[in-house]
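This report refers to the structure that appears directly beneath it.
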Amino acid sequence: MKKVLTIAGSDPSGGAGIQADIKTMSAHGVYAMSVIVSIVAENTMRVIDIEDVSLKMIDEQIDSIYEDIGTDAVKIGMLSNSDIMSTVADKLLEYKPNNIVLDPVMYAKGGNALMQENSINTLIEKLIPLCDLITPNIPEAEKISQMKISTLSDMKEASEKILNLGCRAVLLKGGHYIGDAIDVLYDGNTFTEYKTEKIDTKNTHGTGCTLSSSIASNLALGYSLEEAVSLSKKYITEAIKNDIHIGKGNGPVNHFFNFFNKEA
Ligand SMILES: Nc1ncnc2c1ncn2[C@@H]1O[C@H](COP(=O)(O)OP(=O)(O)OP(=O)(O)O)[C@@H](O)[C@H]1O
Ligand SMILES: Cc1ncc(CO)c(N)n1
């Protein structure tokens, strides 16, 4: 069985973070493992508090995976500050895992910060160069590329700027784009657009976590980057379409739409 690790924050309400990652990986038939770096008190409505796990415990959790099991892909999600980013980057340099997918989480859907603003330089200098793929949404890509993104051609220009920071590929997600849900993949040679209609729903909590975990799973399963993104775009679209109406705010997607019928 292929093995995929998520290094991210915990969302007790189950729609984003580690919980979304494990559900997504399990729905793809890979063996999911998790290193929790922050515990977030949050739900579908708001973020209440964040408590970071100690750097020592983060170190030891990552060691415990590589001492024993190893990974076929690694998904990295919320890293709240620059010390955590450096700790994770050092471990990636030590173990050199294949297929590193970084979702550079900065804000929750309601707008609360999940990453300290002053850690963006560490993200850029230490983490991005180690990644096979980075999956920013539009506000995150604006921060990383330091340019305003209003059009599809801006998305492409920002992808080029981000790729020049040293990662192997960029998937700039257009869920926040007015109009269709267009994501742009840039691998240094080719731009590939993945386009679906925007689904009219407020239940999009954890869409980014789910997409990046799906891509990591598909890479672990041996798909090429282009195939993995294409399959994962189909997965997130179906997961959004088949939403399950949990909570009072921005609810989660249905990670297991393939396995059960929500009407049943
Ligand atoms: N309403 C929607 N209809 C169709 N696809 C959507 C919709 N919202 C987001 N998507 C798709 O979901 C994926 C995740 O994109 P999005 O930009 O929402 O990520 P995100 O902001 O990082 O999510 P989050 O921070 O909540 O985890 C992308 O493939 C995007 O195109
Ligand atoms: C723990 C966590 N990671 C990521 C996100 C972004 O969706 C969130 N809301 N919570």
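Counting starts at 1 for both ligands and their atoms, in listed order.
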| query | Does K3 NZ have over 12 foreign heavy atoms under 6.0 Å away? | reply | yes
| remark: Among non-hydrogen protein atoms, atom 26 (O) of ligand 1 lies closest to K109 NZ, 2.7 Å
| field | Atom indices of ligand 1 within 4.0 angstrom of K198 heavy atoms, with elements | value | 1 (N), 2 (C), 3 (N)
| query | Going only through I, L, V, M, F, W and Y residues with side-chain contacts under 4.5 Å, is there a path from I149 to I128? | reply | yes
| message | Are M25 and F256 linked, directly or through intermediate hydrophobic residues, by side-chain heavy-atom contacts shorter than 4.5 Å (ILVMFWY only)? | response | no
| request: Return the residue, atom name and 0.1 Å-rounded distance of the protein heavy atom closest to atom 25 (O) of ligand 1. | output: Y107 O, 4.2 Å
| So is there a nitrogen or oxygen of D183 less than 3.5 Å from a nitrogen or oxygen in ligand 1? | yes
| field | Atoms in ligand 1 with a heavy atom of K233 nearer than 4.0 Å | value | 29 (O), 30 (C), 31 (O)
| said: I'd like to check which ligand 1 atoms, numbered from 1 as shown, lie under 4.0 Å from a non-hydrogen atom of G208. | reply: 14 (C), 19 (O), 20 (P), 22 (O), 23 (O), 24 (P), 27 (O)
| query | At the 4.0 Å heavy-atom cut-off, does G206 count as touching ligand 1? | reply | yes
| query | Does CD in E238 sit with more than 12 non-hydrogen atoms of other residues, nucleotides or ligands closer than 6.0 Å? | reply | yes
| field | Minimum heavy-atom distance I50-M78, with the two atoms named | value | CG2-CE, 3.9 Å
| query | Can you tell me if OH on Y31 sees more than 12 non-hydrogen neighbours from other groups inside 6.0 Å? | reply | no
| query | Closest non-hydrogen protein atom to atom 9 (N) of ligand 2, residue and atom name please, with distance? | reply | E42 OE1, 3.0 Å
| task | Ignoring angles and geometry beyond distance, decide whether T207 reaches within less than 3.5 Å of ligand 1 through its nitrogen or oxygen atoms. | result | yes
| task | Below 4.0 angstrom from a heavy atom of C209, which ligand 1 atoms are there? Numbered from 1 as shown, please. | result | 27 (O)
| message | For S232 versus L211, what's the shortest heavy-atom pair and its separation? | response | O-CD1, 3.6 Å
| Strictly under 4.0 Å, does any heavy atom of T204 approach an atom of ligand 1? | yes
| task | Verify the neighbour count for atom NZ of K198: are there more than 12 heavy atoms of other residues, nucleotides or ligands below 6.0 Å? | result | yes
| message | So if I apply the side chain to side chain donor-acceptor pair (under 3.5 Å) rule between N203 and each of T44, D243, N254, which one comes out positive? | response | D243
| In terms of atom number and element, which parts of ligand 2 are under 4.0 angstrom from non-hydrogen atoms of A16? | 5 (C), 7 (O), 8 (C), 9 (N), 10 (N)
| remark: Here the atoms of ligand 1 under 4.0 Å from any heavy atom belonging to A181 are 4 (C), 5 (N), 6 (C), 31 (O)
| Nearest-neighbour protein heavy atom for atom 5 (C) of ligand 2, which is reported as residue plus atom name and distance | L114 CD1, 3.6 Å
| task | Flag the pair K56 / D59 as yes when at least one side-chain heavy-atom distance between them is below 4.5 Å, and no otherwise. | result | no
| message | With side-chain contact (heavy atoms from CB on, under 4.5 Å) as the criterion, how do L133 and I215 come out once you've worked through the C-alpha distance, each side chain's angles and the decisive distance to 0.1 Å? | response | CA-CA 9 Å; L133 178 69; I215 297 170; 3.7 Å; yes
| Atom indices of ligand 2, in the order listed, that fall short of 4.0 Å to a heavy atom of G17 | 1 (C), 2 (C), 3 (N)
| query | Given the rule that I, L, V, M, F, W and Y join up when any side-chain heavy atoms are under 4.5 Å apart, are V40 and M106 in one cluster? | reply | no
| task | Indicate yes or no: does an N/O atom of G174 lie under 3.5 Å from an N/O atom of ligand 1? | result | no
| message | Using a 4.0 Å cut-off to any heavy atom of I236, which atoms of ligand 1 qualify? | response | 12 (O), 29 (O)
| request: For atom CD of E51, decide whether the heavy atoms of other residues, nucleotides or ligands shown that lie under 6.0 angstrom number more than 12. | output: no
| Which heavy atom of the protein is the closest neighbour of atom 3 (N) of ligand 1, given with residue, atom name and distance? | I199 N, 2.8 Å
| said: Other residues, nucleotides and ligands only: do more than 12 of their heavy atoms fall within 6.0 Å of OH on Y223? | reply: no
| Looking only at N/O atoms, are I182 and ligand 1 under 3.5 Å apart anywhere? | no
| Going by distance only, is there an N or O of T196 that falls short of 3.5 Å from an N or O of ligand 1? | no
| message | Could you tell me, atom by atom, which parts of ligand 2 come under 4.0 Å of a heavy atom of G9? | response | 1 (C)
| query | Mind checking whether Y235 and H255 have ring centres under 6.0 Å apart? | reply | no
| field | atom 9 (C) of ligand 1 [closest protein heavy-atom partner, distance rounded to 0.1 Å] | value | G175 CA, 3.7 Å
| Which residue holds the protein heavy atom closest to atom 4 (C) of ligand 2, what is that atom called, and what is the gap in Å? | C209 SG, 3.6 Å
| message | I want to confirm something. Looking only at heavy atoms, which of I240, N250, N137, T135 is nearest to atom 11 (C) of ligand 1? | response | I240
| field | Polar atom proximity, K173 to ligand 1 (N or O, under 3.5 Å) | value | yes
